[in-house]
2 protein chains.
Amino acid sequence: MNMREFSAQSGLSAHTLRYYEKIGLLPGIQRNASGHRAFTSRDLEWVNFIVRLKDTGMSLGNILAYSKLRAAGDSTLGRRQHILEEHRDALKTRIETEQLHLKALDAKITHYRSLKAP
Amino acid sequence: MNMREFSAQSGLSAHTLRYYEKIGLLPGIQRNASGHRAFTSRDLEWVNFIVRLKDTGMSLGNILAYSKLRAAGDSTLGRRQHILEEHRDALKTRIETEQLHLKALDAKITHYRSLKAP
DNA sequence: ATGCAGGTTAGAGCTAACTCTAAGTCAAGG
DNA sequence: CCTTGACTTAGAGTTAGCTCTAACCTGCAT
């Protein structure tokens, strides 16, 4: 898979993908004879997971830490599981908080409505 | 209410509060004889609402736009209601997306568990 | 052989949202 | 009178995460 297709598949710009590789988030990307990146479907799975972590509020720094454990092999499975569990719990809490915010916004909107058509 | 107490009540640092006032998010803050800010409980309600919008992903730029409408008086009620409704809908969508992410994380963690204790 | 599409690099530049610094004012207590 | 501490300002500095630029390669079609 070339850069164009990988960018389309992942939803990230070529600029962003090169940046991710540069900071170490995408280790082991192969190159073809002319020095162009040759992405695999495994790379795609990994970058999709990165996006999931990012979209749920994990910083690139923390994702990088996870990435390094992953690159270090099976002996880090336990630590990786722990990181994911903590992140999952944080996400759960955030969703709950956001549901409270949603309720408060709904209440405010209802208040606006009552002012509009009294 | 002086800066120290307002900062404690709002959970924002004095630096951040001055910054918010500077960019126009906190209009009409009164001053006492020696030029110090004198916050009211109405200011506190407003800054709490700002924090709610921010915590649900609204940029300070958009909050500022809302703030300017609020300062412009009752004639902007309809537009303010519209902004809130759009934001509420976006939040709803985001919560739903996050719930999918949560499920995916749970699945990944379950997978890790199965590797650990086969 | 030439021009174009699609890559490559190092490194500069950008935006949002703070966060801090320096230098100063003011009121009250010892 | 002098110090202490809480405040003030303008403006500089920081961080995260991109985003872009300039200059350069490479392979293919006209």
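In this text the structure is predicted, and so the values were computed from the model without any measurement.
Distance CG (B/L17) to C1' (D/dA6): 15 Å, rounded to an integer number of Å. The nearest whole Å value for the distance from the CZ atom in A/R31 to the C1' atom in D/dC25 is 13 Å. In this entry the distance linking CG of A/L25 with C1' of D/dC18 reads 13 Å, nearest Å. Remark: C1' of C/dT8 and CG of A/N32 are 11 Å apart, rounded to the nearest angstrom. Rounded to a whole Å, the CZ atom of A/F6 is 12 Å from the P atom of C/dT8. Remark: P of C/dT15 and CG of B/L64 are 17 Å apart, rounded to the nearest angstrom. Here the P atom of nucleotide D/dA6 and the CZ atom of B/R4 are 5 Å apart, to the nearest Å. Look at CE on A/M3: it is 14 Å from P on D/dT19, rounded to the nearest Å.
Under the side-chain contact (heavy atoms from CB on, under 4.5 Å) criterion, B/L77 pairs with A/Y112, A/L115, B/D74, B/R80, not counting sequence neighbours. With sequence neighbours excluded, the residues satisfying side-chain contact (heavy atoms from CB on, under 4.5 Å) with A/N48 are A/L44. With sequence neighbours left out, the side-chain contact (heavy atoms from CB on, under 4.5 Å) criterion links B/R79 to B/L69, B/T76. Considering only residues two or more places apart in sequence or on other chains, A/E85 meets the side-chain hydrogen bond (donor to acceptor under 3.5 Å, both in side chains) condition with A/Q81, B/R113.
Residue B/N2 places no side-chain N or O under 4.0 Å from the OP1 or OP2 atom of D/dA6. The side chain of A/R37 places an N or O atom within less than 4.0 Å of a non-bridging phosphate oxygen (OP1 or OP2) of C/dT8.
From B/L102, atom CG reaches atom CD of B/Q99 across 7.5 Å, with rounding to the nearest 0.5 Å.
Within the structure, ring pair (Phe, Tyr, Trp, His ring centres under 6.0 Å) pairs that include any residue of residues 25-60 of chain B comprise B/F6-B/F39, B/F49-B/Y66 (at least two apart or interchain). Applying the side chain to side chain donor-acceptor pair (under 3.5 Å) test to pairs two or more places apart or on separate chains, those with a residue in residues 50-59 of chain B are A/H101-B/R52, B/T56-B/H87. For residues 38-49 of chain A, there are no salt bridge (charged side-chain N to carboxylate O under 4.0 Å, His left out) pairs, not counting sequence neighbours.
A donor-acceptor pair is defined here as one N or O able to donate and one able to accept, closer than 3.5 Å; such a pair exists between the side chain of A/T110 and the backbone of A/D106.
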Nucleotides 17-30 of chain C: protein proximity per nucleotide (B base, S sugar-phosphate only, - neither; heavy atom, under 4.0 Å): BBBBB----S----

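Rotation axes derived from the C1' atoms of the five outermost pairs at either end of the helix from C/dA1-D/dT30 to C/dG30-D/dC1 lie 20° apart, to the nearest 10°.
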